[in-house]
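Quick caveat: nothing in here was measured; it's all calculated off a predicted structure. Below, chains carry the letters A, B, ... as their sequence lines are ordered, and counting in each starts from 1.
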Amino acid sequence: MPSQSIINPLRLMPFAARVPKVTSELNWKDKLGAVKARLAINRHAYMVNAGLYAIGNPNKSSDVFVTSNYKLTFDILRKNLADFNAWMLVLDTKGVNVWCAAGKGTFGTDELVKRINKTFLTDIVSHRKLILPQLGAVGVAAHKVKEQTGFSVSYGPVRAEDIRAYVARGYKVTPTMRKVAFPLLERLKLVPVEIVLSYKYFFAGLLILMGLSGIHPDGYSIVSIAEKWVSVTLNTLVTFLAGTFFSPLLLPYIPFRSFSAKGLVVGLCSAVILLMFNALGGNFVENIAWVFLFGAISSFFAMNFTGASTYTSLSGVLKEMKIAIPIQITLAIVGLVLFTVAQLIN
Amino acid sequence: MRKFVYLKNVVTLQLDKDKCNGCGMCIKVCPHAVFEISNKKVEILQKDACMECGACALNCASEALTVKTGVGCAAGIIEGMLKGTEPTCSCSSAGCC
């Protein structure tokens with residue numbers, strides 16, 4: 001029936017009445033979903049449909065908050081809009097958070113313009129103002145949105161937790177609301193993802209070292225792998241954690257600015273500490289080999305944390321990598337050669 | 001809290017003061033307080049704090065700012081090198097950092 005009629009009957013309904021309503025309360029499913037996303041479980045399928053949502057009982061003059069369709073982001077926003085009567089305009093960012101999506105352009109001018117038109121926003125609200133998270137500015141050009149849709153973009157605070165204070169202050173941000181920090185808790189939240197995304201390197205490294213530990217003066221022996229596997233696994237695990245956990249944890253307190261140098265420091269310190277307690281488990285040459293390997297591995301994983309950090313630039317990371325990668329490769333090769341030699345003189 | 005500053009003198013951010021109309025939009029969008037306004041013109045206050053996100057250049061209606069933007073992500077750069085593409089956030093398919 002609808003396809004035949006000249007006027008789509010849906011259009012006879014007030015637009016606002018067709019907007020799905022959401023609550024500001026997160027249930028156990030939302031919370032479990034957040035934990036899973038932090039652990040990188042099914043992370044890229046964690047999204048909501050793009051479009052307009054109502055929170056509370058918004059009317060024509062209610063604020064419009066723009067966000068991404070990554071469900072973790074969507075949930076954080078609606079949680080912070082408790083007691084608000086507002087609209088949430090959700091862009092299709094393919095399930096990626098605002099900042100990263102803005103960097104890729106999916107949280108961008110074109111998508112915003114398209115979404116404004118698709119949701120008939122001009123009919124739903126009488127004002128012409130959108131509130132965007134500040135980090136959306138990486139993908140959205142406010143002046144172009146204004147040109148193309150008539151809506152003026154106000155960049156709100158970086159963090160949704162500050163929205164209440166921002167609105168209470170008459171839609172003004174404080175300098176702190178504008179700045180991206182990287183406090184301990186934020187760093188720790190990113191550690192599980194780093195570990196999950198790099199565990200395959202861990203197992204590859206472990207496999208190589210296990211393989212080498214079978215080398216024996218009289219040939220190759222499974223027995224010596226059986227003898228060594230505990231210490232090899234523990235050492236590899238410690239150096240992996242030095243790069244993926246301890247380096248991010250201690251980030252601001254480790255000397256040097258480059259992440260790979262920070263990782264190198266943490267790796268070498270871990271090796272020296274284990275060495276002092278005679279806990280590396282090998283002969284003299286093997287222990288020296290471990291010091292090299294600890295440096296290489298920890299440095300590599302700490303360098304990978306640049307992507308999770310909130311303050312590294314492309315130019316900086318490129319410069320860092322040019323110096324760090326040859327050093328890491330050299331350390332790794334020296335470490336592996338010494339490790340092999342150590343097995344032969346056993 | 002300790003302040004985070006990355007490597008010195010590497011950032012590609014540039015300001016053409018003649019084009020700047022002093023609107024202050026760059027100050028509003030910068031996540032690292034790189035700019036300040038003085039004498040109705042914007043100035044780059046702490047260049048090393050810039051992470052090259054590009055928000056300022058994109059939102060500068062008078063096109064006074066330029067910066068080579070990209071992800072400051074080693075894993076993304078490695079992936080880009082292996083695939084022969086520009087550095088991309090490798091997390092693009094897996095949510096993001």
With a 4.5 angstrom heavy-atom cut-off, could you sort out which part of A:Leu318 is near chain B: side chain, backbone, both or neither? both
Tell me, side chain or backbone of A:Phe256 under 4.5 Å from chain B's heavy atoms, or both, or neither? neither
Cation-pi check, A:Arg257 onto B:Tyr6 ring (under 6.0 Å, within 45° of axis): no
If you look at every heavy atom in A:Gln328 and A:Ala296, which pair is closest and at what distance? O-CB, 3.5 Å
Please state whether the side chain, the backbone, both or neither of B:Cys50 comes within less than 4.5 Å of a heavy atom of chain A. backbone
Any side-chain heavy-atom pair of A:Arg187 and A:Leu249 under 4.5 Å: no
Go through A:Gln134, A:Met303, A:Lys144 and name the one with the most non-hydrogen pairs under 4.5 angstrom from chain B. A:Gln134
So does A:Lys189 pair up with A:Glu186, basic N to acidic O under 4.0 Å? yes
Residue from B:Ile78, B:Val11, B:Asp48 scoring the most non-hydrogen pairs under 4.5 Å with chain A is B:Ile78
Against chain B, work out which of A:Leu135, A:Thr109, A:Val173, A:Thr306 has the most heavy-atom pairs shorter than 4.5 Å and name it. A:Thr306
For B:Phe4 together with A:Phe259, are the ring centres under 6.0 Å from each other? no
Given the options A:Thr67, A:Thr106, A:Asn69, A:Thr93 meets side-chain hydrogen bond (donor to acceptor under 3.5 Å, both in side chains) only with A:Asn69
Which bit of A:Val140 comes within less than 4.5 Å of chain B, counting heavy atoms only: side chain, backbone, both or neither? backbone
For A:Tyr155, which atoms come within 4.5 Å of any heavy atom of chain B: side chain, backbone, both, or neither? side chain
Ion pair present between A:Asp75 and A:Lys31, side-chain N to carboxylate O less than 4.0 angstrom? no
Return the option, out of B:Leu7, B:Asn59, B:Val10, with the maximum number of heavy-atom pairs under 4.5 Å with chain A. B:Asn59
What part of A:Met321 is in contact with chain B, defined as an atom under 4.5 angstrom from a non-hydrogen atom: side chain, backbone, both or neither? side chain
Among B:Gly54, B:Cys30, B:Cys56, residue most engaged with chain A (heavy-atom pairs, under 4.5 Å): B:Cys30
Within the 6.0 Å centroid threshold, strictly below: A:Phe245 and A:Phe240: no
